[in-house]
Amino acid sequence: AAKQAGDTARRWSPALDERAGEHTRLGGEIRLALDHGQFRVVYQPIVELPSGRVAAVEALVRWEHPQRGLVSPVDFVPVAERNGLIVELGEWILRTACHQMATWRRELGEQAPDRISVNVSARQLARHGFAATVAAVIAEAGLPAPCLAVEVTETAVFEGGQAVVTLNELRDLGVRIALDDFGTGHSSLNLLQTVPVDILKVDKSFVDTITEAGRHAVIAEALIQVSHGLGLAAVAEGVETAAQAEALHRLGYRLLQGYYFGRPVADPNFALSTAVATQD
Ligand code: C2E
Ligand code: CA
Ligand code: CA
Ligand code: CA
């Protein structure tokens, strides 16, 4: 009966039909894009206060499509997750980012960031052998394990199982674990008891409203206290204004990421950021 309903829905809903067709098309093009080298990795600074030093960078994938132009990861990563190509694409992103980080360490020495953060999808984490792949990639790049962090979302790990096994294996390697979009899920605090975590990435939604009067800053403050209490690092995401940066700094945030400090680019500037408010 379920199959029947599905078929009917496909036959009778042109909108759905178009969307499904679009996904199939995109899915096929991702395969070609991998073969033709249309993906790039860009890097966004994560700035440490009050020094203004770029302490870390987050690697973010870009698709330079010959006809469509720049396609957002919001549009193609979910498609790649569904058709399984995220495993191959994700490994390419990981390898590219780790080699770039190793190059910066060689070329910049002390000026290089301490860590590169790479987004890893649920599908990758759920695979046996993902930790072994990570171990091989960092060895090949000559990158010490603590120089790599994997960013995972709550939904990728909340069901437990192999994802949590993988995280423990990565932890054992010395790779850092960052919980992405922290605070937006249904069991964010509960997860901290079951999943090995080093870094909380406090979601942009808490940063957006931080300078508004009233209750908005309370959650951002509670989350930094949780991170301090558990001995974790906290990164505030999506910082767009000086006022937000100042408010976060006042609440105790020491690691900030957002357009205010720099957009994701191929070749970030690692010089000290002068745009940081350092009043204590
Ligand atoms: P995310 O991991 O939460 O990454 C943060 C997103 O916010 C990035 O969008 C970044 O460019 C954007 N951003 C950073 N600062 C600001 C700001 O100040 N204001 C605003 N409005 N946006 C800001 P992007 O690169 O388009 O990536 C979107 C999402 O796609 C990511 O969210 C992540 O879930 C996924 N993604 C991106 N790259 C990868 C990847 O290499 N692998 C996987 N599995 N997913 C990826
Ligand atoms: Ca992320
Ligand atoms: Ca995020
Ligand atoms: Ca996000």
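Atoms within each ligand, like the ligands themselves, are counted from 1 in listed order. Values below: all heavy atoms of this structure, side chains included; hydrogens, waters and symmetry mates excluded.
Taken to the nearest 0.5 Å, the CD1 atom of I199 stands 13.0 Å off from the CZ atom of F182.
Electrostatic pairing of R40 and E64 counts as a salt bridge here, judged by a charged N lying under 4.0 Å from a carboxylate O. The pair R53-D114 meets the salt-bridge criterion, since a charged nitrogen lies less than 4.0 angstrom from a carboxylate oxygen.
In I93, the part holding a heavy atom less than 4.0 Å from any atom of ligand 1 is the side chain. Within the 4.0 Å heavy-atom criterion, the part of D180 lying near ligand 1 is the side chain and not the backbone. Of all the heavy atoms of K201, none lies under 4.0 Å from any atom of ligand 1, so neither backbone nor side chain is involved. The proximity of R263 to ligand 1, defined as any non-hydrogen pair under 4.0 Å, does not occur for either the backbone or the side chain.
Donor-acceptor pairing under 3.5 Å is lacking for the side chains of T184 and E154. Using modelled atom types and a 3.5 Å distance limit, the side chains of E29 and H65 yield a donor-acceptor pair.
The N, O or S atom of D181 with the smallest distance to the Ca ion (ligand 3) is OD1. Distances from the Ca ion (ligand 2) to each N, O or S atom of E58 single out OE2 as the nearest. Its N, O or S atom nearest to the Ca ion (ligand 2) is what matters here, and for E151 that atom is OE1. The Ca ion (ligand 2) lies closest to atom OD2 when only the N/O/S atoms of D180 are considered.
Judged by the 6.0 Å and 45° rule, R263 forms a cation-pi pair with Y259.
For N119, the nearest N, O or S atom to the Ca ion (ligand 2) falls under 3.0 Å. At a cut-off of 3.0 Å, D203 is not counted among the residues with an N, O or S atom near the Ca ion (ligand 3).
The other residues sharing a hydrophobic cluster with L60 are V42, where clustering joins ILVMFWY side chains under 4.5 Å apart.
Residue contacts with ligand 1: V61 is placed with a nitrogen or oxygen under 3.5 Å of a nitrogen or oxygen of the ligand (distance criterion only). The shortest N or O to N or O distance between Y259 and ligand 1 is below 3.5 Å.
Not a single heavy atom of Q257 sits closer than 4.0 Å to an atom of ligand 1. Within the structure, the closest approach of G90 to ligand 1 does not fall below 4.0 Å when heavy atoms are considered. Residue contact annotation: E58 has a non-hydrogen atom under 4.0 Å from ligand 1.
Within 6.0 Å of CZ on R171 lie more than 12 heavy atoms contributed by other residues, nucleotides or ligands. The environment of CZ in R105 is sparse: at most 12 heavy-atom neighbours from other residues, nucleotides or ligands sit within 6.0 Å. In this structure, I219 places its CD1 atom where only 12 or fewer heavy-atom neighbours from other residues, nucleotides or ligands lie under 6.0 Å away.
Close approach to Q44 involves these atoms of ligand 1, each under 4.0 Å from a residue heavy atom: 14 (C), 15 (N). Atoms of ligand 1 lying under 4.0 Å from at least one heavy atom of G238, given by number and element, are 16 (C), 17 (C), 18 (O). If you number the atoms of ligand 1 from 1 as listed, the ones under 4.0 Å from a heavy atom of P264 come out as 11 (O). Of all the atoms in ligand 1, the ones that sit under 4.0 Å from a non-hydrogen atom of D181 are 3 (O).
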Checking D208 against Q244 for the side-chain hydrogen bond (donor to acceptor under 3.5 Å, both in side chains) test, could you report, in this order, the C-alpha distance in whole Å, the side-chain angles of both residues, the deciding distance, and whether it holds? CA-CA 8 Å; D208 284 342; Q244 288 170 348; 4.7 Å; no
Check against side-chain contact (heavy atoms from CB on, under 4.5 Å), E237 and D203: CA-CA 6 Å; E237 290 193 296; D203 192 71; 4.0 Å; yes
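When the options N119, V74, V41, T153 are ranked by their closest heavy atom to atom 46 (C) of ligand 1, first place goes to N119.
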